[in-house]
Student: 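Before I ask anything, here is the structure I am working with.
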Amino acid sequence: MRRNRGSEGIRRMVRENAIEPQHLILPLFVEENLDARTPIKSMPGVYRETEKSIVDIVKQADAAKLGAVMLFGVSHHKDHTGSDSMRAGGLLDRMIKRVKDACPDTVVIADACFCEYTDHGHCGPLTKDGRVDNDATIENIGKQAVIAARAGADIIAPSGMMDGQVASIRNALDDQGFIDTPIMAYAAKYASCFYGPFREAAGCSLNKGDRKTYQMDPANGDEALREVALDIAEGADMVMVKPGLPYLDVLYRVKETFGLPTFAYNISGEYAMLKFAAEAGALDYEKAAMEMMMCFRRAGADGILTYAALDVARQLNK
Ligand code: PBG
Ligand code: ZN
């Protein structure tokens, strides 16, 4: 076997997978009423951007030829339903318009969910007994998706794991004439503790409870295929598995079974693990990030959502 590994030239010739900047999607946080971009402590190198500074970083993403950016709002107008995200002039509407005005060719993915806009932190309004009201949420998510599409979002990515959310968004978009706007479904999203840093970043920690009644149980693999099948039947154009690293088996099965454009979300906790290990001198951040991205590709990912997108793309573009 070693003859095929004998030199960099030969290794390159027989290499099975490649990673390019267009395979990388950069998630970004935009906070309203913020004077200056603010570092997120649990995610070294990641910031909450202001409604102005977001333009600079999207321009960098554009210059690095990333596949897309994904926008998350950090709201100062939270209420029980997350109504700010369903109104023209709200943060969701403004941040998408701002980015599309400055960089019309950049693919903007709107994360469609309510947890960044609700005062209790759950992904939809609660019933009297404190559970997320699935049917009220999917009614609302259609409205949110239309606000995002009207603002110029190129892709809508529902992340709340509500039953029927993809169909509801597809109907709402079609109804308003957005028949060509694709849906990237967070189809298999697990109730993971690796989301910890994101909840600090997006200011959406839960007041009480957890998301186990709507996000998947980490013990389950077959169930992911049923989730993905339903989302495809409801109209998903692309699917995502989340988290990434501990779920490569799920990613592989989803890609093998359905063959749709399939994305992995290399989430906040995975990024934090690399950064803090590197800070402690345990590993080389740049090399580890590059290796990780290649492993996502090998497991079947068409693209990776990752906070390391710019760092990896800059190495690739060198
Ligand atoms: C909210 C949402 C979460 C992430 C993306 N969208 C958090 C959650 O479900 O608690 C996590 C992303 C990350 O950890 O990087 N629906
Ligand atoms: Zn949510």
Side-chain angles (χ1 to χ4, degrees), residues 24-30 40-48 68-75 78 80-82 84-86 92 109-126 131-134 136-138 140-141 144-145 148 155-163 165-166 169 184-218 227 240-247 263-275 289 292 296 304-309:
L24 303 168
I25 299 169
L26 179 64
L28 292 167
F29 301 98
V30 185
I40 297 162
K41 282 197 195 69
S42 54
M43 301 174 73
V46 181
Y47 293 77
R48 288 182 178 191
V69 296
M70 154 107 56
L71 298 179
F72 292 99
V74 184
S75 173
K78 300 190 186 208
H80 185 74
T81 56
D84 187 64
S85 66
M86 292 183 271
L92 178 76
I109 307 176
D111 176 85
C113 201
F114 290 100
C115 46
E116 298 123 67
Y117 301 93
T118 54
D119 49 18
H120 44 75
H122 277 286
C123 298
L126 305 177
R131 284 174 171 254
V132 173
D133 185 338
N134 186 95
T137 306
I138 65 172
N140 290 348
I141 201 77
Q144 191 193 77
I155 299 173
I156 308 294
S159 66
M161 288 298 279
M162 297 300 136
D163 291 334
Q165 64 181 4
V166 172
I169 289 174
M184 175 192 280
Y186 285 69
K189 177 173 175 183
Y190 287 83
S192 171
C193 75
F194 291 98
Y195 302 145
F198 177 90
R199 292 180 188 169
E200 182 214 325
C204 63
S205 297
L206 294 174
N207 290 346
K208 63 173 193 278
D210 53 47
R211 300 195 210 277
K212 288 180 187 166
T213 60
Y214 44 107
Q215 297 180 349
M216 286 181 58
D217 182 339
E227 281 281 2
M240 191 204 297
V241 172
K242 178 180 177 189
L245 289 181
Y247 297 82
F263 295 81
Y265 201 138
N266 177 225
I267 59 165
S268 56
E270 301 169 32
Y271 173 83
M273 288 196 296
L274 274 200
K275 277 285 176 171
M292 259 188 200
F296 280 117
I304 304 112
L305 292 102
T306 178
Y307 303 95

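Both backbone and side-chain heavy atoms feed into the values below; hydrogens, waters and symmetry mates do not. Remember, it's 1-based here, ligands and their atoms both numbered in the order they're listed.
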Student: For the Zn ion (ligand 2), decide whether Cys123 has an N, O or S atom at a distance under 2.8 Å.
Tutor: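 So Cys123 does bind the Zn ion (ligand 2) by this criterion.
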
Student: Answer yes if the side chains of Asp111 and Tyr186 hold a donor-acceptor pair under 3.5 Å, and no otherwise.
Tutor: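 Their side chains do contain a donor-acceptor pair, which is all the 3.5 Å distance test asks for.
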
Student: Any donor-acceptor pair under 3.5 Å linking the side chain of Lys189 with the backbone of Ser159?
Tutor: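 Side chain of Lys189 to backbone of Ser159: a pair is present.
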
Student: What is the nearest protein non-hydrogen atom to atom 5 (C) of ligand 1, stated with its residue, atom name and distance?
Tutor: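 Of the protein heavy atoms, Lys242 NZ, 2.5 Å lies nearest.
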
Student: Under the 3.5 angstrom rule, does the side chain of Tyr195 hit a backbone N or O of Tyr190 as a donor-acceptor pair?
Tutor: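 Confirmed, Tyr195 side chain pairs with Tyr190 backbone.
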
Student: Would you call Tyr271 a ligand 1 contact, heavy-atom distance under 4.0 Å?
Tutor: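 Tyr271: no contact with ligand 1 (<4.0 Å).
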
Student: Taking both backbone and side-chain atoms of Tyr186, is any N or O found less than 3.5 Å from an N or O belonging to ligand 1?
Tutor: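 No, since none of the N or O atoms of Tyr186 sits under 3.5 Å from an N or O of ligand 1.
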
Student: Looking only at protein heavy atoms, identify the closest one to atom 10 (O) of ligand 1 and say how far it is in Å.
Tutor: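 For atom 10 (O) of ligand 1, the nearest protein heavy atom comes out as Arg199 NH2, 2.5 Å.
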
Student: Test Phe114 against every option in Asp84, Ile141, Thr81 by the side-chain contact (heavy atoms from CB on, under 4.5 Å) rule and name the one that passes.
Tutor: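 Among Asp84, Ile141, Thr81, the one that satisfies the side-chain contact (heavy atoms from CB on, under 4.5 Å) with Phe114 is Ile141.
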
Student: What atoms of ligand 1 come closer than 4.0 angstrom to any heavy atom of Tyr265?
Tutor: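 The atoms of ligand 1 under 4.0 Å from a heavy atom of Tyr265 are 12 (C), 15 (O).
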
Student: For atom 2 (C) of ligand 1, grab the closest protein heavy atom and report residue, atom and distance to one decimal in Å.
Tutor: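 It is Lys189 NZ, 3.3 Å.
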
Student: Numbering the atoms of ligand 1 from 1, which are under 4.0 Å from a heavy atom of Tyr307?
Tutor: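 Under 4.0 Å from Tyr307, ligand 1 has these atoms: 12 (C), 13 (C), 15 (O).
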
Student: Identify, by atom number and element, the atoms of ligand 1 in contact range of Asp111, meaning under 4.0 Å from any of its heavy atoms.
Tutor: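 Listed by number with element: 6 (N).
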
Student: Which ligand 1 atoms does Cys115 reach within 4.0 Å, using its non-hydrogen atoms?
Tutor: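 Listed by number with element: 1 (C), 16 (N).
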
Student: Using a strict cut-off of 4.0 Å, indicate which atoms of ligand 1 neighbour a heavy atom of Ser159.
Tutor: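 The atoms of ligand 1 under 4.0 Å from a heavy atom of Ser159 are 1 (C), 6 (N), 16 (N).
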
Student: Over all heavy atoms of both residues, which pair between Arg211 and His122 is shortest? Give the atoms and the distance, please.
Tutor: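 Result for this residue pair: NH1-CA, 3.7 Å.
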
Student: For the backbone of Pro44 and the side chain of Tyr271, can you confirm whether one donor and one acceptor N or O come within less than 3.5 Å of each other?
Tutor: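 Checking the backbone N and O of Pro44 against the side chain of Tyr271, a donor-acceptor pair under 3.5 Å is found.
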
Student: Could you check whether Phe29 and Tyr47 have their ring centres less than 6.0 Å apart?
Tutor: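 So the answer is no for these two rings.
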
Student: Tell me whether Phe194 at atom CZ has more than 12 heavy atoms from other residues, nucleotides or ligands lying less than 6.0 Å away.
Tutor: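 Open: at most 12 neighbouring heavy atoms sit under 6.0 Å from CZ of Phe194.
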
Student: Please confirm if an N, O or S atom belonging to Cys113, backbone or side chain, lies less than 2.8 Å from the Zn ion (ligand 2).
Tutor: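 Checking the Zn ion (ligand 2) against Cys113, an N, O or S atom does fall under 2.8 Å.
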
Student: Give a yes-or-no answer on whether the side chains of Glu116 and Ser75 include a donor-acceptor pair shorter than 3.5 Å.
Tutor: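 There is no such pair between these side chains.
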
Student: What's the shortest distance from atom 14 (O) of ligand 1 to any protein heavy atom, and which residue and atom give it?
Tutor: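 The closest heavy atom on the protein side is Ser268 OG, 2.7 Å.
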
Student: Is the contact between Cys113 and ligand 1 made by the side chain, the backbone, both, or neither, using heavy atoms and a 4.0 Å cut-off?
Tutor: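 Contact part for Cys113 vs ligand 1: side chain (C-beta onward).
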
